Trainee: 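Sharing a structure, written as structure tokens. Questions coming.
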Amino acid sequence: MPFDTHNHTHFSFDADMDIQDALKEAEKYNLNLVLTEHYDLNEQQEDGRPVDFEIDRYFETYSSFRGERLLLGIELGLDNRPDYITRNRTIAESHPFDMVIGSVHNLQDYDMYSDRTKNFLSKQDFFSQYLIYAENTIHQNPYIDTFAHIDYPCRYLTYSDNVLRYENFPLLIDNFLFTLIENDICLEINLRLIDQPSFREGLESIVRRYRELGGKYVTIGGDNHSPNTIGIKYPLGLAMAKEYQLTPVYFKNRKRIVDQLQ
């Protein structure tokens, strides 16, 4: 069965998903799961607590579930400042994670989810800054296995049109995708917005270009925080991968494995 490679249980600050409920729901859709709990050294929750989790307890809690149906990963919030680069890499390499996904949730001290003053920039300026920052951050953090939700800002911006399209930022997106390919990092097809036609078309334009530039592998991630979203949108992500002859993969013991889709 294929893997949904982006899932959050109660170890993530913004999720309350029980592992048995998650596995039960995944089985309905003939899916396996990789857990990827949030660990963002450069962010805080609204009450000031860190966005992290107890890694040793995470492995202890899920060790009995780990196996063919469930793998244990982490979602690191990436940054390009030296102290965060060193600390994130140490976290990734000093624990037995199956998979490490990297995300850009903020532009250093600017949180894309919670900062509602983001629209002081034009859409062109905002996405230009985001794409330049994301590319630089990948250069600084090349040890990750896949880059999650390139369209993450689209969820929270308040422009009249939030869609990130390749044709509006061709050079910047090319630079970003080249950086992924050169570092053998997968592009994630994130399913959060994929059922909305305009956002799906925007993501598809980037996925298409990734293939044109020589990208071969994608991960497909539901970004699930509750069991009732597991599996529902997975066929849309799989169809997009097939359309552009990209191979869905997951990681076990930090080694890339081609998904068995039958």
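Counting begins at 1 with the first residue of the sequence. No hydrogens, no waters, no symmetry mates; every other heavy atom, side chains included, goes into these values. All values reported here derive from a predicted model rather than from experimental measurement.
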Trainee: Donor-acceptor pair, N253 side chain versus K255 backbone, under 3.5 Å?
Mentor: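 The answer is no, because no donor-acceptor pair under 3.5 Å joins these two groups.
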Trainee: Assess the side chains of T219 and E188: does a donor N or O sit below 3.5 Å from an acceptor N or O?
Mentor: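 E188 and T219 do not have a side-chain donor-acceptor pair below 3.5 Å.
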Trainee: To the closest 0.5 Å, what do you measure between CG (L76) and CG (D40)?
Mentor: 8.0 Å
Trainee: May I ask you to check whether N190 and R155 show a side-chain donor-acceptor distance below 3.5 Å?
Mentor: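 Checked: N190/R155 side chains pair up, N/O donor to acceptor below 3.5 Å.
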Trainee: Is the closest basic N to carboxylate O distance between R256 and D184 below 4.0 Å?
Mentor: yes
Trainee: Salt-bridge test for D174 and R209: reply yes if a basic N is under 4.0 Å from a carboxylate O, no otherwise.
Mentor: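 Salt bridge present between D174 and R209.
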Trainee: Taking the inter-plane angle between the rings of H105 and H149 on a 0 to 90° scale, is it parallel (under 30°), tilted (30 to 60°) or perpendicular (over 60°)?
Mentor: tilted
Trainee: Indicate yes or no: at least one non-hydrogen side-chain atom of E43 is less than 4.5 angstrom from one of N106.
Mentor: yes
Trainee: Would you say E68 has more than 12 foreign heavy atoms packed within less than 6.0 Å of its CD?
Mentor: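 No, not enclosed.
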Trainee: Is there a donor in the side chain of D4 and an acceptor in the side chain of N32, or the other way round, less than 3.5 Å apart?
Mentor: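 No, N32 and D4 have no side-chain donor paired with an acceptor closer than 3.5 Å.
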Trainee: Please test R49 against F13 for side-chain contact (heavy atoms from CB on, under 4.5 Å), starting from the C-alpha separation and ending with a verdict.
Mentor: CA-CA 9 Å; R49 289 181 296 167; F13 78 104; over 6 Å; no
Trainee: Show the nearest heavy-atom pair for residues T5 and Y250, with the distance to one decimal.
Mentor: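 Answer, listing the atom of T5 first, then Y250: CG2-CB, 3.8 Å.
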Trainee: Give a yes or no answer on whether the side chain of N162 reaches the backbone of Y159 with a donor-acceptor pair at less than 3.5 Å.
Mentor: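 A pair under 3.5 Å: yes.
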Trainee: Does the gap between the ring centers of F53 and Y39 come in under 6.0 Å?
Mentor: yes
Trainee: Any side-chain heavy atom of I181 sitting closer than 4.5 Å to one from L213?
Mentor: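 Yes, close enough: below the 4.5 Å cut-off.
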Trainee: Please tell me whether I232 and F3 are part of a single hydrophobic cluster in this structure, the criterion being side-chain heavy atoms less than 4.5 Å apart.
Mentor: no
Trainee: Consider only side-chain heavy atoms of I, L, V, M, F, W and Y, link residues closer than 4.5 Å, and tell whether F251 and I74 are in one cluster.
Mentor: no
Trainee: Taking D125's backbone N and O only, do any of them form a donor-acceptor pair with S122's side chain (distance below 3.5 Å, no angle check)?
Mentor: yes
Trainee: So if you build clusters from Ile, Leu, Val, Met, Phe, Trp, Tyr with side-chain heavy-atom gaps below 4.5 Å, do Y217 and I189 land together?
Mentor: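 Per the 4.5 Å side-chain linkage, Y217 and I189 are not co-clustered.
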Trainee: Less than 3.5 Å apart, any donor N or O on the side chain of E204 or Y166 sitting next to an acceptor on the other?
Mentor: no
Trainee: For a 4.5 angstrom cut-off between non-hydrogen side-chain atoms, does V249 reach I257?
Mentor: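 The answer is no; the side chains never approach within 4.5 Å.
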Trainee: Are any of the side-chain heavy atoms of R69 and L23 separated by less than 4.5 Å?
Mentor: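 In short, these two side chains touch, coming nearer than 4.5 Å.
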Trainee: Taking the side chain as everything from C-beta on, heavy atoms only, tell me whether V163 gets closer than 4.5 Å to E201.
Mentor: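 Contact flag for V163/E201 side chains = no.
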Trainee: Do Y29 and M1 pass the side-chain contact (heavy atoms from CB on, under 4.5 Å) test, and can you show the C-alpha distance, the side-chain angles, and the key distance before you say yes or no?
Mentor: CA-CA 9 Å; Y29 292 92; M1 294 191 294; over 6 Å; no
Trainee: Are L164 and P153 side-chain neighbours, meaning at least one heavy-atom pair lies under 4.5 Å?
Mentor: no
Trainee: Any heavy-atom pair between the side chains of I230 and M17 that's under 4.5 Å?
Mentor: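 A side-chain contact exists here, since the closest heavy-atom pair is under 4.5 Å.
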Trainee: So F126 and Y130, would you call those rings parallel, tilted or perpendicular, with 30° and 60° as cut-offs?
Mentor: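 Rings of F126 and Y130: parallel, as their planes differ by under 30°.
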Trainee: Is any side-chain heavy atom of L131 closer than 4.5 Å to one of I150?
Mentor: yes
Trainee: How far apart are the closest heavy atoms of G202 and R165, and which atoms are they?
Mentor: CA-CG, 4.3 Å
Trainee: Taking all atoms of both residues into account, what is the closest heavy-atom pair of C154 and F199, and its distance?
Mentor: CB-CE2, 3.7 Å
Trainee: Could you grab the distance from atom CD of Q140 to atom CD1 of I138, nearest 0.5 Å is fine?
Mentor: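 Answer for the CD-CD1 pair, Q140 versus I138, is 10.5 Å.
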Trainee: Indicate the ring-plane relationship of F59 and H95, choosing parallel, tilted or perpendicular according to the 30° and 60° boundaries.
Mentor: parallel
Trainee: Do K216 side-chain atoms and T247 backbone N/O form a donor-acceptor pair below 3.5 Å?
Mentor: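 No: the side chain of K216 does not pair with the backbone of T247.
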Trainee: Determine, using the 4.5 Å side-chain heavy-atom cutoff (strictly less than), whether I85 and I185 are members of one ILVMFWY cluster.
Mentor: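 They do not share one cluster, since no chain of ILVMFWY contacts under 4.5 Å joins I85 to I185.
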Trainee: Side-chain donor-acceptor pair under 3.5 Å between N228 and S226, yes or no?
Mentor: yes
Trainee: Is it the case that T9 and E37 place a side-chain donor and acceptor less than 3.5 Å from each other?
Mentor: yes
Trainee: Quiz question: by atom type and distance under 3.5 Å, do the side chains of Y143 and N141 form a donor-acceptor pair?
Mentor: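 A pair is found: one side chain offers a donor N or O, the other an acceptor, under 3.5 Å apart.
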Trainee: Below 4.0 angstrom, N of the basic side chain to O of the carboxylate: do D83 and R81 qualify?
Mentor: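 Judged by the 4.0 Å cut-off on N to carboxylate O distance, D83 and R81 do not form a salt bridge.
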Trainee: To the nearest 0.5 Å, tell me how far D52 CG sits from Q45 CD.
Mentor: 8.0 Å
Trainee: If you measure from OG1 on T137 to OH on Y84, what distance do you get to the nearest 0.5 Å?
Mentor: 13.0 Å
Trainee: Please tell me whether D14 and H8 have a donor and an acceptor in their side chains that are separated by less than 3.5 angstrom.
Mentor: no
Trainee: Is the shortest distance from a Lys or Arg side-chain nitrogen in D98 or R254 to a carboxylate oxygen in the other one below 4.0 Å?
Mentor: no
Trainee: Using every non-hydrogen atom in the two residues, find where S103 and A148 come nearest and quote the distance to one decimal.
Mentor: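 The pair with the smallest heavy-atom distance is OG-CB, 3.5 Å.
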Trainee: Is it true that R57 and E60 make a salt bridge, defined as a side-chain N closer than 4.0 Å to a carboxylate O?
Mentor: no
Trainee: Kindly compute the distance separating CD1 (I173) from CZ (F127), expressed to the nearest 0.5 Å.
Mentor: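 Between I173 CD1 and F127 CZ, I get 9.0 Å after rounding to 0.5 Å.
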Trainee: Taking N183 for its side chain and T179 for its backbone only, find out whether a donor-acceptor pair lies under 3.5 Å.
Mentor: yes
Trainee: Looking at E27 and K24, is there a salt bridge between them, counting it only when a charged N and a carboxylate O are closer than 4.0 Å?
Mentor: no
Trainee: So which heavy atom on G67 is nearest to which on L71, and how close?
Mentor: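 Heavy-atom minimum between the residues: O-CD2, 3.6 Å.
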Trainee: Could you check C186 against D145 for side-chain contact (heavy atoms from CB on, under 4.5 Å), going step by step and ending with a plain yes or no?
Mentor: CA-CA 6 Å; C186 299; D145 299 317; over 6 Å; no
Trainee: Please give me the minimum heavy-atom distance between L35 and I19, naming the atom from each residue.
Mentor: CD1-CD1, 3.8 Å
Trainee: When clusters are formed by joining ILVMFWY residues with side-chain heavy atoms under 4.5 Å apart, either directly or through shared neighbours, do L203 and I101 land in the same one?
Mentor: no
Trainee: Given the rule in the side-chain contact (heavy atoms from CB on, under 4.5 Å) test, do E25 and K28 qualify, once you have shown the distances and angles that lead to the verdict?
Mentor: CA-CA 5 Å; E25 199 65 25; K28 292 181 184 178; 3.3 Å; yes
Trainee: Does either side chain, that of H6 or that of D223, offer a donor lying less than 3.5 Å from an acceptor on the other one?
Mentor: yes
Trainee: Between F176 and F147, does the ring centre distance come in under 6.0 Å?
Mentor: yes
Trainee: Report the distance from atom CG of L72 to atom OH of Y58, rounding to the nearest 0.5 Å.
Mentor: 4.5 Å
Trainee: Would the distance check show the side chain of K233 and the main-chain N or O of R192 forming a donor-acceptor pair, the cut-off being under 3.5 Å?
Mentor: yes
